[in-house]
Every structure is written in structure tokens, then in C-alpha cells.
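Heads up: numbering here begins at 1 and tracks the sequence. In each ligand, atom 1 is the first atom listed, and ligand 1 is the first ligand listed. All values below come from the heavy atoms of this structure, side chains included, with hydrogens, waters and symmetry mates left out. Just so we're clear, the structure is a prediction, and the values are computed from it rather than from any experiment.
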Amino acid sequence: MKRIKILLVFLLAFLAITPVASAASADTLAGLRKELNALKAKKSDADRKTAQTRTEINNAKAGVFNSQEEIKKNQNLIDEAKIEIEALNIEIAKTEENIKKLMSAEQLISGDNIYLDYVFNAESYADLVYRYAIIEQVATHNKEQIESFEEKIDYNKKLQTELAEKEIELNKKILELEKNIASLGSKYSEITEITMDIKDEISSTQELINYLVKIGCKENENITSCMTVHGDIGFSRPLISGRITSRFGYRTHPVTGARQSWHGAVDIGGNPEGTNVYSSANGTVGKIVTKSKCGGNQVYVHHNIAGVLYTTAYFHLLDIKVTIGQSVTRNTVVGTIGGGRRTPWDGCSTGPHLHFVIAKGWYGTSCSGDCYSSYTTFDRVKAIDPVKVLNLPNSWTRR
Ligand SMILES: [Zn+2]
């Protein structure tokens, strides 16, 4: 389970490198940082655009609202004009009726009518003429009034037409604004999507940077080589299956029978000679010992686990499958199980098994940090319990 977790994290880190690796600058940690800054700038730009589009949408919506309000006002004005026209028409009708009455009176006057006196009740001809003049004046006044009513009607009709035209214009404006809102809306969601993508890219780039820093990559070191050669985030089991036959610490020596004998490793049995032994983490082969009388063929691998240096060692090997300085991953076979009949040169093994060491620092090499060349230091001081580090059960059948 732990190994799956570790592998997942490693895979995620590797996946995260993919979109970034396409950029030319991002093959170093320094390049990645530049990339991250560029992404952050891109994101604040996108954020600005989002806010701007949001404002544009709001403005367009306000524009639609205002136009709708204006249409409402317009419609009221149109209604008012209609009402006024109706009122004026009534006035005109009334006035026309008056004129008609007066005209019929005038006709009576202009003809030889014996009922003139009766009709007009004039006391004399002069009076009649006087009355006639008055009637004429009234008729003229009425005509003028009708003309002014008609003028008003014309004005109102014109107003009505103008308002109707204005309404058409406003509706057009609303249509345009709505179109604008729709396109702004799609622009907005587009920008939002881009922003989300950038956000993802930022967090994955940041994660990768954190990981690379953790495994101890230098600013200008090639990321890929740093990850495969130096960097890892933990150890995995060196064997697909196995069984603990001797633990880390003091024990009775299986060969010499000495009590309180130091064992700076874990012995893993349960595999026949020739079984593949894997590097426990990514690293570089730092030391190889061949056919030692006690320990047989030995491979030492240097690791950088989250910025801390370690050495793992694989003893009693039948074959050695790597060379000094070789970059290895946790899937590299460093050698095969020995310690049995097929490794007669090795006097410190009673049967096929792997003597597996995890020690702090880099043994057998020189470096500016935690490096040393004393085997005693490696075995007695720097070695740590692999069972604890790997959380090894008594036996297992999966790596
Ligand atoms: Zn051992």
C-alpha cells in the first residue's frame, strides 16, 4: 500500500512535468520558477479580463433595462397623444356642429326669407346686419378653432409616429444589447475556463517545484536527470517477495555463533539464487564489491530522498547487473540473489538470501555533504532499520 502511494506520487510528479516540459525554459528548477511566474502573470491578466467582461455584461444589462424603461415611457406618451387626439376630435365634431348650425342660419339670412325677423328676432334691418356680422364672426372663430384643433391633431399624430419610430429604435437597441450580452457571456465563460486551466497549471507547477526542492534538485540541474538519478521520495522493497530471516540490531551470529553480534541490515530469504534484486529507490550506483569472502558480490546505490542522502546496499549477490556510476530507478535490477551453493566464494552466508542495508549519507564516495568511506561507520553508525523504513511485514508476495 505504501509503495502504491509512493508510486502514485511519483507518477503524479511525472505527469505534472508533461505540460511544463513542452516549454523550452522548464528543464530546470529555475526555468520552472520562471514558468510559474509567467503563469501567475497570465492568471492575473485573465482575472482582470474576467472582471472587465463582467462589468461589460452588467453595463449591457443596464442598457437593456434603461431602453425598456424608455419604451414604457414612450408608450405612455403614445397613449396620451391618442387620448388627446380623441378629445380633440370630439371638440372638432362639436365645433363643426356649431358651424353647421350657424351656416344654416347664414343661408337663411342670405336668401329671401320671410321668417328672417322671426328667426333672428331683429328689430330692424340694421340690427339684422349687426346680428349677421356677429354670426359671421362666430363662424370664423369656430373655423379658426377647428383649424387649431386640426393642427393639434396633426402634431399629436406626428408625435405618435415619432414615438412609434423611437420605440422601434429602442427595440433594435435592446436586440443589439442582448446579442452583445450573449457574446459577452460566451467570452466570460471562455475566460473563466482559461483561468481554471491556468489555475490547474499553476498548482501542478508549484507541486512539481516543491517536489524537486524536496528531493534536493539544484536550481540549474536538469529536472529529468535529477528526478531519475538523485531524487526520490521513499524506498521500496528490493524483492518482489520475501521473508525476514534476520532482523536489524544485535543478534547471535548465524555463522560464528557469537552472541550480541551486530547486524546492520535485514536478511531476506524465501527466494532461490538468481532471483532479481531491485534498487530500493532511484539513484546512482556508487560502489561495487566483487566476490568478497564475507558478503560476496555487493552493490551500493546512492540516493537523494527528499533532499536527504542515503546509501542502500545489496549483499551476497550471485550476479551484479549494474556498473559504477549508472543511474538506476527503483525498477532497475541491480543483481540477483546469491548466498547459496552458487556463490562458494562467500563464507558469510548459510543459504540464499539478501542482506539489505539502508544507511544515512553516501558511503564510498566524496561529496560536500554527508559522505564517508569508513565501512564501520556505514555498518554501525549510519545504518538504519530497513524493516522500519520499509514497514516490512514478516513475509510478502508483492513488491
Ligand atoms: Zn545479513
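Taking the six-membered ring for Trp and the full ring otherwise, the centers of Trp262 and Phe248 sit less than 6.0 Å from each other.
Counting heavy atoms of neighbouring residues, nucleotides and ligands inside a 6.0 Å radius, atom CD of Glu193 does not exceed 12 of them. Taking a 6.0 Å sphere around CD of Glu190, one finds it holds 12 or fewer heavy atoms contributed by other residues, nucleotides or ligands.
Not a single N, O or S atom of Cys348, from either the backbone or the side chain, sits less than 2.8 Å from the Zn ion (ligand 1). Metal site remark for the Zn ion (ligand 1): His263 contributes an N, O or S atom at a distance under 2.8 Å.
If you look at Asp267 and ask which of its N, O or S atoms sits nearest the Zn ion (ligand 1), the answer is OD1. Minimum-distance N/O/S atom of His355 relative to the Zn ion (ligand 1): ND1.
The distance from atom NZ of Lys166 to atom CG of Leu159, rounded to the nearest 0.5 Å, is 10.0 Å.
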